[in-house]
Amino acid sequence: MKKYIPHDIEPKWQQKWQKDALYSVDLDKSKNPYYLLVEFTYPSGDLHIGHWFAFAVPDILGRMKRMQGFTVFYPNGFDAFGLPAENAAIQRGIHPRDWTLSNIENMKKQFSLMGTIHDWGNSVITCLSNYYKWNQWIFLKMLEKGLAYKGKTLSNWCQHCQTVLANENVEAGNCWRCHNPVVQKEVEQWFLKITDYVQRLLWGEGGNGVDWPKALMEGQNNWIGKSQGQVIKFDGIEVFTTRQDTIFGATFIVISPEHPLLSKFVTFENKENVQKYLKSVQKKSELERKEEKVKSGVFTGSFVSNPLTGEQIPIWIADYVLMGYGTGAIMGVPAHDARDFEFAKKYDLPIKTVIQPAGHTDSPSPANQVPDQAYVLTKSKGKVLPKAGSYDLTKSKGKVLPKAGSYEGEGVMVNSGEYDGMSSNEAREKISNYLEEHHLGQRKVNYHLHDWSISRQRYWGTPIPIIYCEKCGSVPVPEKDLPVELPYEVDYHPTGKPPLATNEAWLNVKCPRCLGSAKRDTETMDTFVDSSWYFLRYLDNKNDQEIVSSKRLRTWMPIDIYFGGAEHTLGHTLYSRFFVKFLKDIGVVDFEEYAKKRVNHGVILGSDGSRMSKSRGNVVNPDEQVRQFGADAVRLYLAFIGPYDIVSPWNPSAINGVYHFLQRVWSLYDKIASIGNKLSSEDLRIMHKTIKKVTEDLEDIKFNTAVAVLMEWLNYLSRKENVTREEYKTYLLLLAPFAPHITEELWSFDKVYTERTCGECSRTSRSAQDQQIWSIHQQSWPIFDKQYLEEAEVAVIVQVNGRLRDILMIQKDILNDKEAVEKLARASQKVAKYLDGQTVKKVIHVSGKLINFVV
RNA sequence: GGCCAGGUGGCGGAAUGGUAUACGCGGUAGUCUCAAAAACUACUAGUCGCAAGGCUGUGAGGGUUCGACUCCCUCCCUGGCCACCA
């Protein structure tokens, strides 16, 4: 037989599959629909190995599902708006649209090398107006419901990109795209009120009825950051706290530098100091503010009274209190909050202990003591070890000694009037009730999640469908006028002026209400809007009447399995859940969660163990690998490299291993017996065991072990004298999802193919229908039969005191007979050696597994 | 600082209470060959032993169990994400 040369067979079959439209899906007529989705890609222009990992490996699951009789819809598209297009265009002088569209063409070609079942007829490209029209439509619907609003806030501003960034796009104080520092700037912009959906976005105990990774659900819940507390009035200032029980220890108030009532509290004598401080704060970027080790602040000169103690306590301004969370003001409880402690120590503010760790009431009561003698504690996983005296954070024999500081745990109330002696938990309830009864505070649930700012001062995005009229104010573009097309002719170079404002013809419009002269909104939407609902549009990409037909939604949604990167835990997957919940509320969809199962994939690192990057020179080019080993080997390698969700380095010699494996499969063809051999019971057992394991492993997203059992079976088959047609055929069918090209080629060889057509169809002539069924990928997935899995003899382990002493082959019919097995075990010399002269106290028998003598 | 995921041969990993190291890579030896490559065959956790066989071994220490990589407790280390969340 000729040699296995991937390059000779892969393009051939890819063309044939395409010609016969083998994988095309009719979205209206589909039995057993199965929606397989992988996060779509940004059209950077070049497909890297990560794309292969993301798309080619789930394709294995999709192919098995197809063979199992499902209609598998595996669409692909491009998340085509965004800054890189603009940046690249600026650098190379190509228009962002041209750059993006030509990248898409190139990447589609590269995608075709993978041999996936992708259906490009139902593709989506977000930068085309038949797509982003519906971004605008959703925006208008949200506006109608009061969920889109214009607000003015301090925002992350990238000086270099001249744009506002969401918190998620600020990495360590730098812009995620250009890596320049991000500063705080007050900007007016559009927000989507995601905070209205926090309750529904929080994941419940049962995972909201869907199978999503635990880590992702926990990550989202942490990000939403629900905390139950109370807003408490200290005269004119409202503070937010979750520790009402510490209120007797509140010895000062801190307000944020951006606090709206700030000027009210600054006394004449302190004005200069405060102004100086505020100026220094403004100069700091987010990065500097976060990295600052030492807290800083300034006294306003004013005092308020503590509602429970009646004491007059000073109001300070400090930038460790953020305007964006709670009320922008806190009560400073230095004895029980590390940040307040640090602040109090620096400015010599009183520290008053009001909670002692339970069981340590005999320790010195440290009320009102000076900071250096503070009650010093170290926390050790929930347990508290009190220590008197003061320590510094010094290392001594490798151990870190406890640091002087605050005790933040629960305990027993002290120095708190009538609450003394209560548990802090109980006191928290009592104090909350007292404050509410006296109208001094209200319980409140606070969230860390902010509304989603979607305005971007950039060109390459969806125009916001709003018109500003001098008379009517801001007027939404009427639905019939959608889409608001993104103009081609603009100056998109960063000048500080929004690019869309540079096209006068586009900018100036008539007000839809009064027909007077008006101007369009010149900003574009965050690209996360585009990716928040694209999976719906795949189902109906040409529909210009509605976002997606409800019939197709009913057939296909929710998505059966959604693969993507773990880095989208806090961005894309959260936003898209929000969008889907909104679309449910306006009656577009009828489900609450859009994907039944979510799988996070891992990352392929360079062979040096660090992230692939051009500067490190460790980038693996998939096209190059395909040239060398073929697409099948690359697919198989990526499936075999390890568990699908881990981070693993590229191993250049391991791909040789799977290539070698495919060659062995190829040459196994020569071992097919010309005369039909009978399968032994062992042959059958191994075959059915393999079918079972491959099927179950693919279902469980364990691609690596599925490949391993196929290798094991190949090792078994290679050791045999002859391989029967049945075995070989089954082997190819099981391997087909992993290596679609080589299996198609081998399937097409007469011996295998004829056997199928003659054996199962007609012996005389092939019917027309049969001629259409030519591909291995149109065959049914093998089904295992339980009866073949059992062995006539089972290996039973014999242990003495839990140590392995012998392995016996026991006939199936006496497996459950403890006495018979025990007798056989005792007869073994290897076992008898250890039982000689010993009294057997106990015999443990696990049927079909082991027998253990306890002496 | 918080949360999460991990720690198993020379390497990637397998095994989630019952033969630890499947499968693959790498390595060693052999077959074939004028030779090399490829392919094939055997071996490949450590240690003692000529062998039969024994002992040790899944980050460290303890516990539960007839039996622990697996469950529980304490600790160490690595990676990821979030981080002045009041």
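Worth knowing before you read on, the calculation uses all heavy atoms, side chains too, and leaves out hydrogens, waters and symmetry mates. As the structure is a prediction and not an experimental result, all values here were calculated from the model. Chain naming here is simple, since letters A, B, ... match the order of the sequence lines and numbering starts at 1 in each.
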Item to check | Rounded P spacing from B:A37 to B:U28 in Å | outcome: 11 Å
Checklist entry - Contact class for A:E218 vs. all strands (heavy atom < 4.0 Å): base, sugar-phosphate, or nothing? => result sugar-phosphate
Checklist entry - Looking only at atom P, what distance separates B:C82 and B:U16, rounded to whole Å? => result 33 Å
Next on the checklist: Angle between ring planes, A:W316 versus A:F343, binned at 30° and 60°: parallel, tilted or perpendicular?
Outcome noted: perpendicular
Item to check | Rounded distance in Å - CD (A:E712) to C1' (B:A15) | outcome: 12 Å
Item to check | Rounded distance in Å - OH (A:Y637) to P (B:G24) | outcome: 15 Å
Checklist entry - If you check every side-chain atom of A:Q799, which of B:A86, B:C4, B:G18 has the closest atom? => result B:G18
Kindly give the atom pairs (protein nitrogen or oxygen, nucleotide nitrogen or oxygen) under 3.5 Å for nucleotides 40-44 of chain B.
unit_1, atom_1, unit_2, atom_2, d
B:C40, OP2, A:H660, NE2, 3.1

Checklist entry - For the ring pair A:W452 and A:F528, is the centre-to-centre distance below 6.0 Å? => result no
Item to check | Position toward the 5' end of RNA chain B (nearest nucleotide), A:S648 or A:K842 | outcome: A:S648
Next on the checklist: Nearest to the side chain of A:T241, heavy atoms from C-beta on, is which of B:C82, B:A86, B:G24?
Outcome noted: B:A86
Checklist entry - Across the strands shown, which category fits A:K214 at heavy-atom distances under 4.0 angstrom: base, sugar-phosphate, nothing? => result sugar-phosphate
Next on the checklist: Please classify the nucleic acid contact of A:I641 as base, sugar-phosphate, or nothing, using heavy-atom distances under 4.0 Å.
Outcome noted: sugar-phosphate
Item to check | Minimum-distance nucleotide to A:R805 side chain [options: B:C55, B:C4, B:C66] | outcome: B:C55
Checklist outcome for this item: Testing B:A14, B:C23, B:C84 for proximity to the side chain of A:Y320, the answer is B:C84
Next on the checklist: Heavy atoms from C-beta onward define the side chain here; which of B:U19, B:A86, B:U56 lies closest to that of A:V321?
Outcome noted: B:A86
Next on the checklist: With rounding to the closest Å, how many angstrom separate the C1' atoms on B:G61 and B:A52?
Outcome noted: 37 Å
Checklist entry - Between A:Y325 and A:F240, how do the two ring planes meet: parallel, tilted or perpendicular, split at 30° and 60°? => result perpendicular
Next on the checklist: Students often get this wrong, so: under 4.0 angstrom with heavy atoms, is A:I646 touching a base, only sugar-phosphate, or nothing?
Outcome noted: sugar-phosphate
Checklist entry - Rounding to the closest angstrom, what is the interatomic distance between B:G67 and B:A20 at atom C1'? => result 14 Å
Item to check | Between B:C71 and B:A15 - P atom distance, rounded Å | outcome: 14 Å
Checklist outcome for this item: The Watson-Crick or G-U wobble partner of B:A68, with both key distances under 3.5 Å, is none
Next on the checklist: Can you identify which nucleotide, out of B:G53, B:U19, B:A22, has its nearest atom closest to the A:K830 side chain?
Outcome noted: B:G53
Checklist entry - If you measure from CG on A:L322 to CD on A:E258, what distance do you get to the nearest 0.5 Å? => result 8.0 Å
Checklist entry - Should B:U33 form a Watson-Crick or G-U wobble pair with both distances under 3.5 Å, which nucleotide is its partner? => result none
Checklist entry - Rounded to the nearest Å, what distance is computed from the CG atom of residue A:L714 to the C1' atom of nucleotide B:G24? => result 13 Å
Checklist entry - Are any of the side-chain heavy atoms of A:V321 and A:I255 separated by less than 4.5 Å? => result no
Item to check | Nearest-Å distance for atom pair CG/P, residues A:L710 and B:A14 | outcome: 16 Å
Checklist entry - Is A:E819 salt-bridged to A:R826, going by a charged N under 4.0 Å from an acidic O? => result no
Item to check | Per A:W223 side chain, nearest of listed nucleotides B:U56, B:C82, B:A14 | outcome: B:C82
Checklist entry - Does any nucleotide pair with B:G2 by Watson-Crick or G-U wobble geometry, both distances under 3.5 Å, and what is it? => result B:C81
Next on the checklist: Looking only at the side chains, is there a donor atom on one of A:T327 and A:E238 sitting less than 3.5 Å from an acceptor on the other?
Outcome noted: no
Next on the checklist: Categorize A:Y834 for me: base, sugar-phosphate, or nothing, with a 4.0 angstrom heavy-atom threshold over every strand shown.
Outcome noted: sugar-phosphate
Checklist entry - Between A:H601 and A:L638, is a side chain to side chain contact (heavy atoms under 4.5 Å, CB included) present by the stated rule, with each step listed? => result CA-CA 11 Å; A:H601 62 232; A:L638 292 169; over 6 Å; no
Item to check | Carboxylate-amine/guanidinium contact A:R598 A:E39, below 4.0 Å | outcome: yes
Next on the checklist: Measuring only the C1' atom in each nucleotide, how far is B:G7 from B:C55? A whole number of Å is fine.
Outcome noted: 26 Å
Next on the checklist: Please name the nucleotide paired to B:G57 by Watson-Crick or G-U wobble geometry with both distances under 3.5 Å, or report none.
Outcome noted: none
Checklist entry - CG of A:L804 versus P of B:G17: gap in Å, rounded? => result 20 Å
Item to check | Spacing of A:L449 atom CG relative to B:C82 atom P, expressed in whole Å | outcome: 15 Å
Next on the checklist: Applying a 4.0 Å non-hydrogen cut-off, can you work out what A:N704 is touching in the nucleic acid: base, sugar-phosphate, or nothing?
Outcome noted: sugar-phosphate
Next on the checklist: Under 4.0 Å, heavy atoms only, any strand: does A:P643 hit a base, just the sugar-phosphate, or nothing?
Outcome noted: sugar-phosphate
Checklist outcome for this item: The Watson-Crick or G-U wobble partner of B:C43, with both key distances under 3.5 Å, is B:G27
Checklist entry - Contact class for A:G219 (heavy atom, under 4.0 Å): base, sugar-phosphate, or nothing? => result nothing
Item to check | P spacing across the pair B:G30 / B:A36, given as an integer number of angstrom | outcome: 11 Å
Next on the checklist: Once you apply a heavy-atom cut-off of 4.0 Å, does A:D337 come out as touching a base, just sugar-phosphate, or nothing?
Outcome noted: nothing
Item to check | Side-chain donor-acceptor pair present, A:Q199, A:Y447, cut-off under 3.5 Å | outcome: yes
Item to check | Span that lies between the P atom of B:G17 and that of B:G63, in whole angstrom | outcome: 23 Å
Checklist outcome for this item: Ranking A:N656 and A:A329 by the position along RNA chain B of their nearest nucleotide, the one closer to 5' is A:N656
Checklist outcome for this item: From CD1 of A:I655 across to P of B:G26 the rounded distance in Å is 13 Å
Checklist entry - Rounding to a whole Å, what distance do you find between A:N446:CG and B:C84:P? => result 15 Å
Next on the checklist: Does B:G9 count as syn, meaning its glycosidic angle lies within 90° of 0, or as anti?
Outcome noted: syn
Checklist entry - Out of B:A86, B:C25, B:U19, which has the shortest distance to the side chain of A:I807? => result B:U19
Item to check | Watson-Crick/G-U partner (both atom distances under 3.5 Å) of B:A38 | outcome: none
Checklist entry - Any chance the side chains of A:N816 and A:S847 put a donor and an acceptor closer than 3.5 Å? => result yes
Checklist entry - Does a distance-only test, which skips hydrogens and angles, find a donor-acceptor pair under 3.5 Å between the side chain of A:K295 and the base of B:C84? => result yes
